[in-house]
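Beneath this line is the structure, given in C-alpha cells, with notes to follow.
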Amino acid sequence: MRESLINNFLRISKIPRESGREEKISDFFVNVAKENNLYYFKDENNNVLIKKKGNIDSKPVALQAHLDMVCIKSKDSKHNFAKDGIEVLVDGDKVTAKDTTLGADQGVGLSMMLTIMEDNNLNHPDLEFLFTVEEETTFKGVVNFPYDKLESKRLINLDYAKDDAVVNGSDGDILNEYTIRGKIIENNLPSYRILIDNFPGGNSGENIEVSSKNAITTMAKILKDKYILLKSINGGTFENDLATYCEVIINTDLDVGKIFKDLTSKIEKVDNKYCFSKEDTRNIINEILDLKCGYISNKNASGNLGIIRTENNEVQIYYIIRSIDENELEEISAKSKELNNNFQVNEIYRDSVWKVNKESELFNKYRDLYFSEFNEYPKEEIGHGGTECSSIRKRIDELDIISIGANMERIHTTAETTYISSWLKTFDLLIKFIESL
C-alpha cells in the first residue's frame, strides 16, 4: 500500500491546482472515474462527485477533500504554478517539495481517495467521493455544490493534519475587508523603500499563536508615532495565512537605518514626492494595530491580518476572525467595524460554527476503533479555523461528520512536510473504519 499511496500522491502533484484554477485536477478525477466505469458528476465550479458501489450492506459513506492548494515559492524559484507540477522530494519517510509548497494539504487526502477508488479488493459500503474547489480561498466549492446529488448522511473529511486526533467541531470565521481612500499630498522629504521578510509563515488556524508577530503588524509597530508619510504598504499572500513579508515606501527626514536597526531589513533610497497625508498615514498604521492578531479572548477567539494592499490612494486590509462561540464572533466583528480610523468595512465571507456533537455515531465509532488499534483514545479536537465540514453540515440535514488526516507540518510554506508512515497509519485506520460502518 505504501507504493500505491506514494505513486498516487506523485500523480496528483504533477497537476497544477492553484486555488481558483482547479480545472486540470478536476478533469483528472473525472478521467479516473471514466477509466474505472464509475458514476461521476462535475458541476460548473469544477467540484466533482464520484460514486463507487460497495460490497457491504450498509448506508453509503462519503469521503471528502479539497482539490486546491496554497501556492507559495521561494524568492529564487522560477516555478510557474499555472503550468508546472510540484517537484516532490521523498527522503525515506519524509516528504517535502523543492522551493515550493508541497500541497500535502490536501494532496494526501486526495491520494487516499484515489487509492480507494482504484482498488477493487477492498470491503466497504457504497462510497461517494466529493472533491471541492477553493477551500484555501473563498469556500466557493462547498458553498455552491448541489447537495441533492449526494446520498450519504455520513461524511469523513480528510483535511486534518494530525494522525492521533479526530475533529468533531470547529470555529466559525468571518473575513472582513477594510478599505481607506486617502488624501495624497506632495512633499520634498527623502523617500525610502523598506522590506522586512522571512517571518514565520503557515496557516493561521494551525499556527495562530505566532500571528501577532506577523510582518505587517511588526512593520506598523515600528512606524507608529514616527514622523513619516506613507506612500504604500503591501504584505502577505493569503488572508488565511501568516504574513511573511511587508514592504513600505515612506517619506521621512528621520534616520531610517536607526529606525530598523533591530530588525533585518532591506532599505533602498527611491524617488517619490507623493504620499498619504499625515492623518491618513496615522489612520492606516492605527487600523493595522487595532486589528489584533493571535488569540484575542479567553475563549480562544483569534484574529489574523493576512494581507494588506495599496493601489493609488486606496489601502485594503483582509482580516479573518475565528471563534467557537457565534455570539463572540459577531461581537468581535462588530467592534472591528467601529474602529475610529476612517476605514470602510465589507464582509467578504463567513463560515458557521461546527458545533461539537458528542452523540455522533462516526465520532464514537472512530474513537473505539482507534482505541482497539493503539490502546488509547485519539485526541478530541476542535478545529481552529473554518473547515469545509461546517459548510457541508449546514447544507445537509442530519449529516454526521468527522475530520481526520495524516501528520503535516509548516503547511502553506515552502518548508511544508508530511510523513509516509503517517499516511499509512491514517489510511489503514480509514479502511478499517469504512469497512466497519
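For the numbers below, each heavy atom of this structure counts, side chains included, while hydrogens, waters and symmetry mates do not.
- With no hydrogens or angles considered, no side-chain donor-acceptor pair links T426 and D163 at under 3.5 Å.
- A ring-centre distance under 6.0 Å is not found for H66 and F139.
- Checked for salt-bridge contact, E118 and R11 meet the test: a charged N lies under 4.0 Å from a carboxylate O.
- Residue K53 qualifies as open at atom NZ: its count of foreign heavy atoms under 6.0 Å is 12 or below.
- For the atom pair CG of L430 and CG of L63, the computed distance is 5.5 Å after rounding to the nearest 0.5 Å.
- Heavy atoms from other residues, nucleotides or ligands lying under 6.0 Å from NZ of K153 number more than 12.
- Residues D290 and N341 bring a donor and an acceptor atom of their side chains to less than 3.5 Å of each other.
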(request) Go through E328 and S297 one step at a time and tell me if the side chain to side chain donor-acceptor pair (under 3.5 Å) criterion holds. (result) CA-CA 9 Å; E328 181 182 49; S297 84; 2.6 Å; yes
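- Annotation: side chain of Q106 is in contact with side chain of L158 (closest heavy-atom distance under 4.5 Å).
- Ion pairing of E380 with R367 is present here, as a side-chain N (NZ or NE/NH1/NH2) and a carboxylate O approach within less than 4.0 Å.
- Taking OG1 of T281 as the start and NZ of K226 as the end, the distance is 14.0 Å to the nearest 0.5 Å.
- With hydrogens and angles ignored, the 3.5 Å screen pairs a side-chain donor or acceptor of T413 with a backbone N or O of A415.
- A side-chain donor-acceptor contact under 3.5 Å links S19 and D68.
- Between K266 and E247 there is no salt bridge, since no side-chain N of the basic residue sits under 4.0 Å from a carboxylate O of the acidic one.
- Taking the six-membered ring for Trp and the full ring otherwise, the centers of F41 and Y39 sit at least 6.0 Å from each other.
- Between the side chains of S323 and D171, no donor N or O sits under 3.5 Å from an acceptor N or O.
- Between the side chains of T115 and N8, a donor-acceptor pair is found at a separation under 3.5 Å.
- Side-chain contact, R154 with S58: a donor N or O sits under 3.5 Å from an acceptor N or O.
- Two residues are said to be in side-chain contact when any heavy atoms from C-beta on lie closer than 4.5 Å; L305 and I317 meet this criterion.
- Using a 4.0 Å cut-off between a side-chain N of Lys or Arg and a carboxylate O of Asp or Glu, K75 and D197 qualify as a salt bridge.
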(request) Could you please spell out the steps behind the side chain to side chain donor-acceptor pair (under 3.5 Å) verdict for N123 and N55? (result) CA-CA 6 Å; N123 297 317; N55 52 15; 3.2 Å; yes
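- Remark: R395 fails to qualify as a cation-pi partner of Y147 under the 6.0 Å distance and 45° angle criteria applied to the six-membered ring.
- Minimum heavy-atom separation, G236 to I216: N-CD1, 4.2 Å.
- Shown here for F343 and N283, the closest heavy-atom pair between the two residues is CE1-O, 3.7 Å.
- Going from atom CD of Q316 over to atom CD1 of I233 covers 13.5 Å, rounded to the nearest 0.5 Å.
- Atom CD of E135 sits about 8.5 Å away from atom CD of Q64, to the nearest 0.5 Å.
- For the 3.5 Å distance criterion, the side chains of S211 and N304 qualify, holding a donor opposite an acceptor.
- Side-chain N/O atoms of D99 and S77 include no donor and acceptor closer than 3.5 Å.
- The existence of a salt bridge linking D225 and R282 is excluded, since no basic side-chain nitrogen approaches an acidic carboxylate oxygen closer than 4.0 Å.
- There is a side-chain donor-acceptor pair under 3.5 Å between S204 and R322.
- More than 12 heavy atoms of other shown residues, nucleotides or ligands fall within 6.0 angstrom of atom NZ in K337.
- E409 and T417 share no side-chain donor-acceptor pair at under 3.5 Å.
- The closest side-chain donor-acceptor pair between E134 and T138 falls under 3.5 angstrom.
- No salt bridge links E373 with K425; every basic N to acidic carboxylate O contact stays at or beyond 4.0 Å.
- Side-chain contact annotation: T387 with D159, donor-acceptor N/O pair under 3.5 Å absent.
- Side-chain atoms of E388 and T132 form a donor-acceptor pair, as typed in the model, at a separation below 3.5 Å.
- Residues K149 and L49 approach most closely at O-CD2, 3.3 Å, considering heavy atoms.
- In this pair, Y178 and Y319 present their aromatic rings perpendicular. The plane angle is above 60°, beyond the 30 to 60° band.
- Here the CG atom belonging to D119 is positioned 7.5 Å from the OG atom belonging to S4, to the nearest 0.5 angstrom.
- A donor-acceptor pair shorter than 3.5 Å can be found between the side chains of H412 and D105.
- Of the N and O atoms on the side chains of K224 and N286, at least one donor lies less than 3.5 Å from an acceptor on the other residue.
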